[in-house]
Amino acid sequence: MKLVSLGNCRHGIFLFMLLSIVSTVHAQVPAVTIDSVRYGHSPDTLDQVIRIEAQKESRQRSTVIKNAAFIVAGAGLWTATFAWVDEPVQRFMYSNRSLVVDKLASVVEPLGRQHYMLPLAVTAAATGMLMKDKKLEKAGILATGSILVSAGFTEVLKHQFHRHRPDSGDDNHFFDGPSLSPAHTSLPSSHTTTAFAVATSVASVYRYEHPIVPPLAYGIASMVGLSRINDNAHWTTDVLAGALVGYLSAKGTLYLYDLLDQKLMLRKQKLLITPQPGIRSGGVSALLIF
């Protein structure tokens, strides 16, 4: 039995520790090659293995191409929005605010707060473990990890750009550049980052079993972003950047989770992850059983 502790993880530490576990397990698992299955298997079995590996490589290449196209399209959309949309949308939203929209914004805005969503994600993971609901457990673990990872990236980006918020009265192109000052931290929107990290985690787990889940999850996350524009707290490009950071953080966490799960299955090992909730931060403990 080997104990790997991931206590009191915050921000990027969660990702770093997961990478460490993956590297350790990967080093112990022999690569499955054609030579390793050539002897003791029939030609039909070998052909089947080759076909499966070829299909796997094709899917991986397709995924890489899709992700690259997604990032390029996102960068183009962000640039166009920065140039032509930011300020017109801000003026329109500010001049057309209403009590109904403000009330709706106040309802969905807490769904983007890390200190609300992180305990909720940890609770979901713990509930899934207790009830032996693997999907709920996975969704909770992914949401917890992606919130921590996205929070780390968001904090770094905010202090790199120091973009002025729309309620400062400045235009959208005012950036102070890298510093440790707590002022002017508009880019990206942390509310939107958190909302999309959770939405992507939930959608990734339940999309095949319940096709309605992804539209609902991303719809709610989008409403959180729109609430920040309505409240004059963020530019449209802040929200787009936050959505991208949250989405990629969740997908990266999902990739590590699936990779680790596959390695553990090959080694017939078991990883027990126990959430550790906190008031201002969250964490997990991991028990790797051989």
Side-chain angles (χ1 to χ4, degrees), residues 11-12 66-99 101-102 104-106 108-115 117 146-200 218-252:
H11 308 324
K66 289 180 180 178
N67 289 337
F70 175 79
I71 294 174
V72 171
L77 176 63
W78 192 94
T79 302
T81 304
F82 177 83
W84 298 303
V85 178
D86 262 349
E87 293 181 2
V89 167
Q90 186 269 338
R91 288 193 295 267
F92 175 82
M93 296 289 284
Y94 186 74
S95 60
N96 290 277
R97 291 184 68 172
S98 66
L99 292 177
V101 177
D102 285 349
L104 178 60
S106 67
V108 299
E109 184 268 344
L111 298 178
R113 291 185 178 272
Q114 295 169 7
H115 59 271
M117 301 307 294
S146 61
I147 290 173
L148 294 171
V149 171
S150 63
F153 281 118
T154 300
E155 192 71 13
V156 170
L157 292 173
K158 281 180 176 290
H159 287 88
Q160 285 297 313
F161 293 112
H162 276 284
R163 188 185 195 183
H164 292 211
R165 295 180 183 271
D167 59 9
S168 68
D170 297 324
D171 294 335
N172 73 328
H173 59 268
F174 277 81
F175 296 81
D176 292 340
S179 77
L180 298 178
S181 171
H184 306 306
T185 55
S186 187
L187 178 68
S189 165
S190 59
H191 279 72
T192 310
T193 298
T194 301
F196 270 86
V198 175
T200 305
Y218 288 122
I220 294 173
S222 298
M223 290 178 65
V224 172
L226 290 173
S227 74
R228 304 303 288 158
I229 299 175
N230 176 78
D231 294 344
N232 206 31
H234 285 286
W235 303 99
T236 303
T237 43
D238 297 336
V239 170
L240 290 177
L244 181 62
V245 172
Y247 176 85
L248 293 179
S249 296
K251 287 298 185 181

With a 4.5 Å limit on heavy-atom distance, are the side chains of Gln114 and Met117 in contact?
-> no
Close side-chain approach of Asn230 to Asp102, heavy-atom, < 4.5 Å | yes
State the CG-CH2 distance between Leu187 and Trp78, to the nearest 0.5 angstrom.
-> 6.0 Å
Rounded to the nearest 0.5 Å, how far does CG of Leu244 lie from OG1 of Thr192?
-> 12.0 Å
Tell me, which pairs form a ring pair (Phe, Tyr, Trp, His ring centres under 6.0 Å) where one or both residues lie in residues 226-251, sequence neighbours left out?
-> Phe70-Tyr247
Where at least one partner belongs to residues 163-189, residue pairs that pass ring pair (Phe, Tyr, Trp, His ring centres under 6.0 Å), sequence neighbours excluded | His164-Phe174, His164-His184
Charged N to carboxylate O below 4.0 Å: is that the case for Asp238 and Arg163?
-> yes
Ser186 and Pro166 have their tightest heavy-atom pair at OG-CD, 4.3 Å
Taking every non-hydrogen atom, the tightest pair across Pro188 and Ala241 | CB-CB, 3.8 Å
Please report the C-alpha distance between Ser190 and Lys158 in whole Å, then the side-chain angles of each, then the deciding distance to 0.1 Å, and finally whether the side chain to side chain contact (heavy atoms under 4.5 Å, CB included) criterion is met.
-> CA-CA 9 Å; Ser190 59; Lys158 281 180 176 290; 3.9 Å; yes
Report yes or no: does [X] contribute a side-chain atom to a donor-acceptor pair with the main-chain N or O of [Y] at less than 3.5 Å?
X	Y	answer
Glu87	Asn172	yes
Ser150	Ile147	yes
Ser95	Phe92	yes
Arg165	Asn232	no
Asp86	Thr236	yes
His162	Ser179	yes

Where do Thr194 and Arg113 land on the side chain to side chain contact (heavy atoms under 4.5 Å, CB included) test, with the steps shown first?
-> CA-CA 7 Å; Thr194 301; Arg113 291 185 178 272; over 6 Å; no
Dump the intermediate steps for side chain to side chain contact (heavy atoms under 4.5 Å, CB included) on Arg97 and Val101, then the final yes or no.
-> CA-CA 7 Å; Arg97 291 184 68 172; Val101 177; over 6 Å; no
